[in-house]
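Everything numeric here is computed off the predicted structure, so don't read it as measured data.
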Amino acid sequence: MPARIVLGWREWVALPALGLDAIRAKVDTGARSSALHVDAQWRFTEGGAPWVGFRLTPSDAVGAIEARAPVLDEREVTDSGGHTTRRVFLRTPLRLAGIEREIEINLSDRRGMLFPMLLGRTATARAFTVDPARSFLHARHAPDGSLKPIPLP
């Protein structure tokens with residue numbers, strides 16, 4: 001079995017298929033699923049299949065981004081406060097620490113949270129381990145593969 005890559009409790013991740021080259025994520029081994037903050041979402045049908053469109057603002061510097069993806073599933077999710085909501089799940093590539101892998105992610109309202117994305121344990125399983133005493137261990141990369149400076153949070 002290959003060695004696992006160590007992540008800090010917060011990291012820069014990319015969701016290239018959604019047009020997100022760098023977004024701050026809280027790595028949370030207590031959460032089963034991953035969640036992405038969206039400002040708005042809407043449903044539509046394409047080719048007879050359900051799709052979701054959504055808008056998010058990853059940072060003030062980037063501005064709003066619109067993306068769309070096929071709906072993978074809809075499930076009940078219980079947040080850390082014990083509140084259950086029905087959320088749309090999609091499947092998309094995640095790029096982190098030089099690895100790209102498909103993950104499931106749900107769309108949610110994370111307004112007021114410090115991180116627009118929560119990276120749950122199913123997204124990190126078998127490839128990563130988390131050192132909760134460390135942060136931002138992996139540099140943020142531009143779409144062309146070059147390194148970008150990491151601004152302080």
**Student:** How close do Gly120 and Ser34 get, counting heavy atoms only, and between which atoms?
**Tutor:** N-OG, 3.0 Å
**Student:** Listed by chain and number, what are the salt bridge (Lys or Arg N to Asp or Glu O under 4.0 Å) partners of Asp109, not counting sequence neighbours?
**Tutor:** Arg111
**Student:** Show the nearest heavy-atom pair for residues Leu90 and Leu72, with the distance to one decimal.
**Tutor:** CA-CB, 3.9 Å
**Student:** So that I can tick it off, tell me whether Glu74 and Arg43 are bridged by a salt bridge, with the cut-off set at under 4.0 angstrom between side-chain N and carboxylate O.
**Tutor:** yes
**Student:** Tell me the salt bridge (Lys or Arg N to Asp or Glu O under 4.0 Å) pairs involving residues 48-57, sequence neighbours left out?
**Tutor:** none
**Student:** Is Glu46 salt-bridged to Arg68, going by a charged N under 4.0 Å from an acidic O?
**Tutor:** yes
**Student:** Between Glu11 and Arg134 (salt bridge meaning N to carboxylate O under 4.0 Å), is one present in this structure?
**Tutor:** no
**Student:** Consider only side-chain heavy atoms of I, L, V, M, F, W and Y, link residues closer than 4.5 Å, and tell whether Val6 and Phe128 are in one cluster.
**Tutor:** no
**Student:** Does the ring center of Phe115 lie less than 6.0 Å from the ring center of Trp9?
**Tutor:** yes
**Student:** Does the side chain of Arg87 come under 3.5 Å of the side chain of Thr85 through a donor N or O and an acceptor N or O?
**Tutor:** yes
**Student:** Between atom CD1 of Ile105 and atom CG of Leu36, what is the distance when rounded to the nearest 0.5 Å?
**Tutor:** 4.5 Å
**Student:** Just checking, any donor-acceptor pair under 3.5 angstrom between side chains of Ser135 and Arg10?
**Tutor:** yes
